[in-house]
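Hydrogens, waters and symmetry mates play no part in the numbers below; they use all other heavy atoms, side chains included. First listed ligand is number 1; within each ligand, the first listed atom is number 1.
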Amino acid sequence: MASATFESLNPSTGEVIDSFPRSGADDVARAVDIARETWESWRLVPAPERGNILFRFAQVLEQHKAELSDLMTREMGKVKAEAGGDVQEAIDMSYYMGGEGRRLFGQTTPSELRDKFMMSVRMPVGVVGAITPWNFPIAIPAWKLCPAIVCGNTVVLKPAEDTPKLAQRFVDLLQEAGLPEGVVQIVHGFGEEAGDALVKHPDVPVITFTGSRETGVLVTKNAADELKHVHLELGGKNAIIVMDDADVDLAVDGILWSAFGTSGQRCTAASRVIVGSKVYEPLQSRLVERTEQLKLGYGLEEDVDVGPVINRAALEKIHSYTEIGEGEGAKLLTGGEIATDNGLDKGFFYRPTIFGDVDPQMRIAQEEIFGPTTALIRATDIDEAIRAANSVEFGLSSSIFTRDVNKAFRAMRDLNTGITYINAGTTGAEVHLPFGGTKGTGNGHREAGQAALDFYTEWKSIYVDYSGKLQRAQIDNAE
Ligand code: UN1
């Protein structure tokens, strides 16, 4: 076992939560060996039985929802209600994928020959290496592990080093739900050590990673020699478009929730707002006013709206973007500072920040900040708005507020993202539709929904000839 350890901190108070083993390549190799061995028996367990374990896991998560949400606010910082939502996503995913145990549908199709039967079935792939982020510390492990497990794979999980305790609880509760030992292994620690060893291990044919674009590219390169299946979810620079005909109050509600919920630390967060020139001024003033009413603080307290960001490095990065925005000539409308009053200086708190008069090509409108900062951009019509929305390297989520059905359909077709919302913000994806994005957000795979099954299985095509004679397909069969 790894002898070195690392600590997990409470981002609201700076207090140490617990310490964890800092795993290296040897620990990863041991976990992979067990997962590889367990796979030989796990792949033969009937899928409905595997699904039943997920139904029980969903129930166990329900029983522990309050405990997990409370721990999430302490270890990751998101406010109470949002922490409950994170756990609920895992519950929903576990029920949904549990049901797949009795589906996992393939196809049957007629043969071109007589007395011959053809079908395709989904086969498990083997050991899945899952590298998960800290921003959805219970939901995202569920997005990855529930489909992997029901499809008959085993898993080595390397959770983010900021939220090890939540990941450990997740795995403990899987065991409590009856998951046989060895099906899921956890290795704690850092990307350069544990994560990298997992990505390079020859007995891990599948890697699923949610994190930064930079690391995603590295994962792809390091997995290339073994031709691994790689799924990537790499964030976004998501835009909300507000057309002149929109319900402005509704749009402001959507912007507040999507820009500042989870302190802006969602891949789906709205870090750009593209506004029609007629509603720009009223929207800006209402948005700033509502933003200044948001209460920053420790998310276990009832009336707190916005919690801390994850750590000191994140706080500094977010603040550096305020300086970049000001340097680029954008107008700082509110926020733009590290909050230190009323004891907030013990944690990592950043004031919700809005820039106005932002040009779509500025860095604050192009780069993922992953914090409570959003940029207002003007657009004269829908063409300009869609052009601006699409002018970034990412393509995860997008949204339009409009009462004009024609504009809504234009947006559904032309916004180049994996997810588009009409009259809602950019966050809040449900577990039974595909989740993921275009362009620099990923590599074409999707998680959640039916799409996840395509990643965690290989198709096998099976031909059964019951004619009793040699029949040859794809040649001239005239007798
Ligand atoms: C993420 O930030 O990586 O749609 C996931 C949403 C959440 C999931 C976000 N259900 O905002």
Side-chain angles (χ1 to χ4, degrees), residues 61 69 72 76-79 81-97 130-147 159-160 162-163 166-167 170 208-213 215-216 219 231-240 253-272 306-307 309-310 314 368-374 394-399 415 417-438 440-443 445-449 451-452:
L61 287 173
S69 324
M72 196 179 302
M76 182 271 164
K78 66 174 75 172
V79 300
E82 287 186 32
D86 189 314
V87 179
Q88 189 58 45
E89 262 192 62
I91 295 168
D92 296 341
M93 184 59 93
S94 202
Y95 277 125
Y96 178 76
M97 286 297 168
I131 303 175
T132 54
W134 47 263
N135 69 333
F136 277 80
I138 294 290
I140 293 183
W143 289 13
K144 297 185 187 308
L145 271 58
C146 294
D162 287 292
T163 50
L166 285 158
F170 182 89
T208 171
F209 169 78
T210 298
S212 73
R213 187 181 188 285
T215 310
V219 165
H231 159 259
L232 303 170
E233 209 287 281
L234 308 176
K237 191 68 192 173
N238 314 294
I240 291 179
D253 283 340
I255 297 162
L256 281 170
W257 175 232
S258 292
F260 304 130
T262 326
S263 306
Q265 303 170 109
R266 290 193 188 212
C267 303
T268 51
S271 52
R272 298 180 295 152
V306 180
V309 300
I310 190 68
E368 190 178 39
I369 301 171
F370 223 64
T373 300
T374 200
F394 295 106
L396 183 54
S397 186
S398 57
S399 125
L415 286 170
T417 52
I419 304 167
T420 293
Y421 290 88
I422 309 297
N423 291 325
T426 51
T427 56
E430 300 182 32
V431 301
H432 47 304
L433 274 186
F435 183 91
T438 61
T441 291
N443 56 357
H445 292 291
R446 294 289 184 270
E447 56 193 339

Exercise answer: donor-acceptor pairs, residues 423-430 side-chain atoms, under 3.5 Å, sequence neighbours excluded:
residue, atom, partner, partner atom, Å
Asn423, OD1, Thr402, N, 3.0
Asn423, ND2, Thr402, O, 3.1
Thr426, OG1, Thr268, O, 2.6
Thr426, OG1, Ala270, N, 3.3
Thr427, OG1, Ser258, OG, 3.3

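Using a 30° and 60° split on the angle between ring planes, Trp134 and Phe370 fall in the perpendicular class, above 60°.
Remark: Thr132 engages Ile140, Pro141, Lys144, Leu157, Pro159 in a side-chain contact (heavy atoms from CB on, under 4.5 Å) (not counting sequence neighbours). Take Asp86 and apply the side-chain contact (heavy atoms from CB on, under 4.5 Å) test, not counting sequence neighbours, and it matches Met72, Lys78, Phe136, Pro137, Ile138, Ala139.
Under 3.5 Å, the side chains of Trp143 and Glu89 contain a donor-acceptor pair of N or O atoms.
Protein residues with a heavy atom under 4.0 Å from ligand 1 are Glu89, Asn135, Phe136, Ile140, Trp143, Glu233, Arg266, Cys267, Thr268, Thr427, Gly428, Ala429, Phe435.
In this structure, CD in Glu82 is found 5.5 Å from CZ in Arg266, a value given to the nearest 0.5 Å.
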